[in-house]
Amino acid sequence: MRYFVGLGSNMGDRLQNLKKARDVLQKIGAIERQSPVFKTPPWGNRHQNDFFNAVIQLQCHMQPFRFLRKLKQFETQLGRVKSERWGPRVIDLDVLEWEGPVVQSDILNIPHPLLQSRDFVLVPLSHIAPDFKFRSGKTITEAVASLDQVEACQLLRENWENVFKKFTLHCGRRGDRRR
């Protein structure tokens with residue numbers, strides 16, 4: 001099964017937290033692609049540190065609910081403590097999409113219900129899957145272009161192991177700045 005997993009961190013050594021998450025994901029599958037790392041403003045509760053975000057494409061034999069349980073175990077193992085919704089976190093691992101049928105339950109929804117409205121996953125996803133199409137038929141390029149808000153996604157690292165690179169990429173179009 002192919003999964004797209006969103007990674008985020010806004011506490012401690014954020015880049016190191018993403019690297020550790022990537023390393024534990026390799027225990028359950030093969031990483032086919034990883035996006036650059038982006039620095040993005042927090043979503044929801046804006047009174048916290050900026051996030052470092054990335055998306056990984058992972059080939060894994062697990063079914064979705066088992067995969068989700070494993071991601072939650074990894075979050076705990078890496079130091080995540082459940083607190084407020086959309087609050088600060090050492091690591092956040094989200095199932096964004098997979099190649100199987102739609103999943104809808106109280107604990108898991110695939111595709112992620114807010115996938116098409118979050119620049120911090122759309123932009124990294126567009127880097128590793130430029131031909132990605134949502135189940136509606138909309139392309140990733142169309143989704144990024146249709147964002148109502150303007151948010152600065154700062155590209156921090158093209159390759160997670162290379163020298164620091166930085167520039168600003170604007171996601172969406174000018175307009176509503178609400179998240």
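This chain uses plain numbering: 1 for the first residue, then up along the sequence.
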*Listed partners of V103 passing side chain to side chain contact (heavy atoms under 4.5 Å, CB included), at least two apart*: P64, F65, W98, L108, I110

*Given side chains that start at C-beta, do those of M1 and C60 come closer than 4.5 Å, heavy atoms only?*
no

_Point-to-point distance, once rounded to the nearest 0.5 Å, from CG of L7 to CG of N17_ = 10.5 Å

*Sequence-distant partners of Q77, side chain to side chain donor-acceptor pair (under 3.5 Å), two or more places apart*: none

*Between G8 and N53, which heavy-atom pair has the shortest distance, and what is it?*
CA-ND2, 3.6 Å

_Check for me, please, whether L114 and F132 land in the same ILVMFWY cluster - side-chain distances under 4.5 Å, paths through other members count._
yes

*Do F38 and H127 have ring centres separated by under 6.0 Å?*
yes

*Is a donor on one side and an acceptor on the other found under 3.5 Å between the side chain of Q16 and the backbone of D13?*
no

*Short question: side chain of N10, backbone of N49 - any donor-acceptor pair under 3.5 Å?*
yes

*What are the two closest non-hydrogen atoms of P42 and Q48, and how far apart are they?*
CB-CG, 3.5 Å

*Just grab all the side chain to side chain donor-acceptor pair (under 3.5 Å) pairs involving residues 99-115, residues at least two apart or on different chains.*
none

_On a heavy-atom basis, which atom in G29 and which in L58 lie closest, and how many Å separate them?_
C-CD1, 3.7 Å

*Which heavy atom of V123 sits nearest a heavy atom of C153, and at what distance?*
CG2-SG, 4.2 Å

_Separation between CD1 of I91 and OG1 of T76, rounded to the nearest 0.5 Å_ = 12.0 Å

*Qualifying residues under side chain to side chain contact (heavy atoms under 4.5 Å, CB included), relative to K70, sequence neighbours excluded*: I28, M62, Q73, F74

_I'd like to know if K20 and D23 make a salt bridge, using a cut-off of under 4.0 Å between side-chain N and carboxylate O._
no

*Please walk me through it: do E97 and R135 pass side chain to side chain contact (heavy atoms under 4.5 Å, CB included)?*
CA-CA 10 Å; E97 182 58 287; R135 293 171 192 259; 2.7 Å; yes

*Nearest 0.5 Å, what's the CG-NZ distance between L155 and K39?*
12.5 Å

*When rounded to the nearest 0.5 angstrom, what is the spacing between CD1 in I128 and CD1 in I56?*
8.0 Å

*Set of residues satisfying side chain to side chain donor-acceptor pair (under 3.5 Å) with respect to R2, sequence neighbours excluded*: E32

*Step by step, work out the side chain to side chain contact (heavy atoms under 4.5 Å, CB included) result for I31 and Q57.*
CA-CA 6 Å; I31 293 176; Q57 180 180 316; over 6 Å; no

*Which pair of heavy atoms, one from E142 and one from G137, lies closest together, and at what distance?*
OE1-O, 4.3 Å

*asked:* Among residues at least two apart in sequence or on other chains, which ones pass side chain to side chain donor-acceptor pair (under 3.5 Å) with Q116?
replied: none

*Give, for atom OG of S35 and atom CZ of R157, the distance between the pair rounded to the nearest 0.5 Å.*
13.5 Å

*Roughly how far, to the nearest 0.5 Å, is the CG atom of L156 from the CG atom of L15?*
8.0 Å

*Look only at the side chain of S9 and the backbone of V90, and say whether a donor-acceptor pair between them is shorter than 3.5 Å.*
yes

*Does NZ in K138 sit with more than 12 non-hydrogen atoms of other residues, nucleotides or ligands closer than 6.0 Å?*
yes

_Test of ring centre spacing under 6.0 Å for Y3 and F67_ = yes

*asked:* Could you report the tightest heavy-atom contact between F134 and T139, atom names first, then the distance?
replied: CE1-O, 3.9 Å

*Answer yes or no: is there an ion pair linking R89 with E75, defined by an N-O contact shorter than 4.0 Å?*
no

_Under the criterion side chain to side chain contact (heavy atoms under 4.5 Å, CB included), I'd like the reasoning laid out for K133 against I140: C-alpha separation, chi angles, the key distance, then a yes or no._
CA-CA 6 Å; K133 283 191 177 181; I140 188 74; over 6 Å; no

*Is F4 close to L125 at the side-chain level, that is, under 4.5 Å between some pair of heavy atoms?*
yes

*List the steps, then state whether side chain to side chain contact (heavy atoms under 4.5 Å, CB included) holds for V121 with D94.*
CA-CA 10 Å; V121 290; D94 287 330; over 6 Å; no

